[in-house]
Amino acid sequence: MALYSEKVMDHFRNPRNVGVIENADGVGEVGNAKCGDIMKIYLKIDDGIVSDAKFETFGCGSAIASSSMATELIKGKPLEEVKQLTNKAVTEALDGLPAHKLHCSVLAEEAIAAAIKDYYEKTGNSGS
Ligand code: FES
């Protein structure tokens, strides 16, 4: 079996939603101290819906595929639902990642959580 699924290769080669959202409502940046990879997620939020999501990832192919898939999964979704997004859901949507690459999908979960936290801080909402 190939190490990476077709979906991982597709999102790595043709990543969706790469870039910056000017005046984003929430921005989250996280890194992994071990591998040194960094992921930044930008969210546009309108009426409690994630109307747009973009990312910049300085990292491995799995991190790029994870951020691409994660932004696709959350676009158009209510914030309440996006808050529940786990790295497991991202990995499943990618048809799996090798065990030693699971931490790359964790970056996507953490970056989105950080962007939502930033949004709540900016809007003075506790999020609970
Ligand atoms: Fe660190 Fe992929 S090797 S994010």
Side-chain angles (χ1 to χ4, degrees):
M1 204 189 104
L3 190 54
Y4 294 106
S5 72
E6 288 283 320
K7 277 198 187 152
V8 172
M9 293 312 294
D10 177 34
H11 280 263
F12 167 56
R13 291 199 179 110
N14 307 296
R16 284 48 149 197
N17 312 310
V18 175
V20 175
I21 298 178
E22 300 295 340
N23 302 317
D25 296 305
V27 181
E29 183 174 331
V30 294
N32 182 296
K34 270 197 186 149
C35 63
D37 292 353
I38 295 171
M39 190 182 293
K40 196 166 179 179
I41 298 261
Y42 301 83
L43 300 179
K44 192 88 201 146
I45 297 163
D46 292 304
D47 288 335
I49 306 278
V50 175
S51 55
D52 200 9
K54 289 202 185 297
F55 76 90
E56 292 177 305
T57 292
F58 304 97
C60 72
S62 299
I64 290 167
S66 294
S67 15
S68 171
M69 181 55 89
T71 49
E72 283 289 272
L73 288 175
I74 64 173
K75 267 179 22 174
K77 296 270 170 60
L79 202 48
E80 288 307 311
E81 206 177 305
V82 171
K83 276 158 71 175
Q84 317 290 329
L85 184 87
T86 60
N87 81 298
K88 192 165 176 276
V90 176
T91 309
E92 281 173 6
L94 287 169
D95 290 339
L97 281 171
H100 69 287
K101 286 289 179 181
L102 284 175
H103 80 271
C104 318
S105 63
V106 173
L107 272 190
E109 178 187 323
E110 289 177 350
I112 290 169
I116 293 172
K117 186 165 174 272
D118 180 51
Y119 167 69
Y120 283 137
E121 279 169 7
K122 279 180 181 152
T123 53
N125 184 324
S126 68
S128 52

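Since the structure is predicted, the reported quantities are computational estimates derived from the model, not experimental observations. Just follow the structure's listing: the first ligand is 1, and inside any ligand the first atom is 1.
Counting heavy atoms from C-beta outward, H11 and E72 have side chains that approach closer than 4.5 Å. A 4.5 Å side-chain heavy-atom check between K54 and T71 finds every atom pair outside the cut-off. With contacts defined as side-chain heavy-atom distances shorter than 4.5 Å, the pair L102/V106 does not qualify. Side-chain contact between C60 and C35 is absent, with no heavy-atom pair separated by less than 4.5 Å.
The 12-atom threshold is not exceeded at CG of D47, counting heavy atoms of other residues, nucleotides or ligands nearer than 6.0 Å. Applying the 6.0 Å contact sphere to NZ of K122 captures more than 12 heavy atoms from other residues, nucleotides or ligands.
Among all non-hydrogen protein atoms, the one lying nearest atom 3 (S) of ligand 1 is H103 NE2, 3.2 Å. For atom 4 (S) of ligand 1, the closest non-hydrogen atom of the protein is D37 OD2, 3.0 Å. In terms of protein heavy-atom proximity, atom 1 (Fe) of ligand 1 is nearest to C35 SG, 2.1 Å.
A heavy-atom separation below 4.0 Å is not found between N32 and ligand 1.
C104 lies close to atom 2 (Fe) of ligand 1, since one of its N, O or S atoms is found at a distance under 2.8 Å. Because the distance cut-off is set at 2.8 Å, C60 qualifies as a neighbour of atom 2 (Fe) of ligand 1 through one of its N, O or S atoms.
Close approach to K101 involves these atoms of ligand 1, each under 4.0 Å from a residue heavy atom: 3 (S). Of all atoms in ligand 1, listed by their number and element, those nearer than 4.0 Å to a heavy atom of A63 are 4 (S). Listed by number with element, the atoms of ligand 1 under 4.0 Å from a non-hydrogen atom of L107 are 4 (S).
The side chain to side chain donor-acceptor pair (under 3.5 Å) test with Y42 singles out one residue from E29, E56, E22, and that residue is E56.
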